[in-house]
Amino acid sequence: MKQFQVLFKKEWLEATRDFRWIWIPLVFILLGIMEPLTAYYTPQIIEQFGGLPEGTVIEIPMPTAGEVLVRTAGQLNLFGVLVIILAFMGILAGERNSGTAAMTLVKPVSYHAFIGAKWLHGAVLVGVSYLLGMLASWYYTYQLFELVKVTDFMAGTLTFGVWLLFIFTLTLFFSSFSSKAGIAAFATLATVIVLSTISSLLPEKLNWTPFGLTVYASEFWMGQEFSGRISVAFIVTIVVMAVLAVLSIRIFKRKELA
């Protein structure tokens, strides 16, 4: 346990020195603020700078508060996922490439503690950044549109947050294969794109997978009734993340010992 605490503190200090605890939350906050402001002010912007002929009337229906949060999640599902992959693609690959992993593991440090501390710190950083972004979106949505109920907001935010943790765990998994961070980033992004495409083509058959969590989150924000299928998706996602974490430890250990 003491090893784990020391390694976790090391991860925290490194992330602080690299300013990851500043720029990652800021990116998520900006993404969270951008969608409510864009949705509210787009008609005025078009009217002022659209350069349309006199007398032209374009009516853009104002989205509901729930729709604004869903759009925010869409931005996070694109740019937020990219930020997570780029920020953590070297979480293990970079350690191996720089020789830091070899220096650390020469000491009586277990691989479980080494990778576990990295996963927990990364999960906390992703979770805090994402929560700040969603809180910012929720606040501006309330100010410009209407209030999304706290229960609906929290349920949707938790559901989508588990999806982002899955993305982070997948990045950790692919980072254990090679000393090149770019390979981990490409493999993670390719996997997410391919499986997301398949899931969108077969939504009813694959709604029990991690890729169904984004749909369930949207349902919560829109105030729709709870679907019992989400329980299966939650369980499957947690199990898959646990398997990926265990495999990451074994693969990384095999590579280091080799």
Side-chain angles (χ1 to χ4, degrees), residues 22-87 125-168 189 192-193 196-197 199-201 203 207 210-227 230 233:
I22 296 178
W23 71 266
I24 295 178
L26 281 178
V27 169
F28 274 84
I29 290 172
L30 289 174
L31 290 173
I33 293 174
M34 184 172 61
E35 190 56 44
L37 294 178
T38 301
Y40 186 80
Y41 288 109
T42 293
Q44 291 93 320
I45 294 173
I46 293 177
E47 183 178 347
Q48 292 294 326
F49 304 102
L52 299 174
E54 187 177 352
T56 302
V57 177
I58 297 179
E59 294 185 1
I60 301 177
M62 195 65 73
T64 64
E67 288 173 342
V68 174
L69 291 183
V70 172
R71 293 182 185 182
T72 300
Q75 296 293 326
L76 294 178
N77 203 25
L78 176 59
F79 299 108
V81 166
L82 286 175
V83 167
I84 292 173
I85 294 174
L86 293 176
L125 179 51
V126 170
V128 171
S129 302
Y130 162 67
L131 181 60
L132 290 175
M134 287 306 302
L135 285 172
S137 180
W138 186 45
Y139 172 77
Y140 276 90
T141 299
Y142 168 59
Q143 294 296 323
L144 300 175
F145 297 90
E146 59 183 359
L147 178 67
V148 174
K149 290 194 301 183
V150 176
T151 53
D152 292 340
F153 169 74
M154 293 306 298
T157 300
L158 174 62
T159 303
F160 195 83
V162 174
W163 160 251
L164 293 183
L165 285 181
F166 168 74
I167 297 296
F168 164 67
L189 193 58
V192 172
I193 292 175
S196 294
T197 302
S199 179
S200 63
L201 294 175
N207 56 14
F211 299 89
L213 293 177
T214 57
V215 176
Y216 294 131
S218 299
E219 291 179 355
F220 280 123
W221 287 321
M222 294 295 292
Q224 300 178 10
E225 294 184 2
F226 173 78
S227 174
I230 189 176

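The residues of the chain are indexed from 1 along the displayed sequence. Please read these numbers as outputs of a predicted model, since none were measured by experiment.
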How long is the gap from [atom1] on [X] to [atom2] on [Y], to the nearest 0.5 Å?
| X | Y | atom1 | atom2 | answer |
| --- | --- | --- | --- | --- |
| Ile84 | Ile167 | CD1 | CD1 | 7.0 Å |
| Leu76 | Leu82 | CG | CG | 11.5 Å |
| Phe168 | Leu165 | CZ | CG | 8.0 Å |
| Ile33 | Tyr139 | CD1 | OH | 10.0 Å |
| Thr141 | Met134 | OG1 | CE | 8.0 Å |

On a heavy-atom basis, which atom in [X] and which in [Y] lie closest, and how many Å separate them?
| X | Y | answer |
| --- | --- | --- |
| Met62 | Ala39 | SD-O, 3.8 Å |
| Phe145 | Pro36 | CE1-O, 3.7 Å |
| Ile24 | Ser129 | CG2-OG, 3.4 Å |
| Val148 | Trp221 | CG1-O, 4.1 Å |
| Leu69 | Ser137 | CD2-OG, 3.5 Å |
| Val70 | Ser218 | CG1-OG, 3.7 Å |

(request) Please tell me if the side chains of Phe28 and Val83 come closer than 4.5 Å, counting only heavy atoms from C-beta onward. (result)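 Touching, per the 4.5 Å side-chain cut-off.
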
(request) Compare all side-chain heavy atoms of Ile230 with those of Phe220 and state whether any distance is below 4.5 angstrom. (result)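 Yes; the side chains approach each other to less than 4.5 Å.
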
(message) Against Phe79, only a single residue in Val27, Leu31, Leu30 fulfils side-chain contact (heavy atoms from CB on, under 4.5 Å); can you say which?
(response)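 The side-chain contact (heavy atoms from CB on, under 4.5 Å) with Phe79 is passed solely by Leu31 among Val27, Leu31, Leu30.
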
For the pair [X] (side chain) and [Y] (backbone), establish whether a donor and an acceptor sit closer than 3.5 Å, ignoring hydrogens and angles.
| X | Y | answer |
| --- | --- | --- |
| Ser196 | Ile193 | no |
| Tyr216 | Asn207 | yes |
| Ser200 | Thr197 | yes |

(request) Any chance you could lay out the side chain to side chain contact (heavy atoms under 4.5 Å, CB included) test for Tyr130 and Phe160, step after step, and finish with the verdict? (result) CA-CA 9 Å; Tyr130 162 67; Phe160 195 83; 3.2 Å; yes

(request) Provide the full list of side-chain hydrogen bond (donor to acceptor under 3.5 Å, both in side chains) pairs with a residue in residues 143-168, sequence neighbours left out, each pair given once. (result) Asn77-Trp163

(request) Step through the shown structure and confirm whether more than 12 heavy atoms of other residues, nucleotides or ligands are within 6.0 Å of OH on Tyr140. (result) no

(request) Name all residues meeting the side-chain contact (heavy atoms from CB on, under 4.5 Å) criterion together with Leu78; count only those two or more places apart in sequence or in a different chain, and write none if there are none. (result)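 side-chain contact (heavy atoms from CB on, under 4.5 Å) check on Leu78 returns nothing, list empty.
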
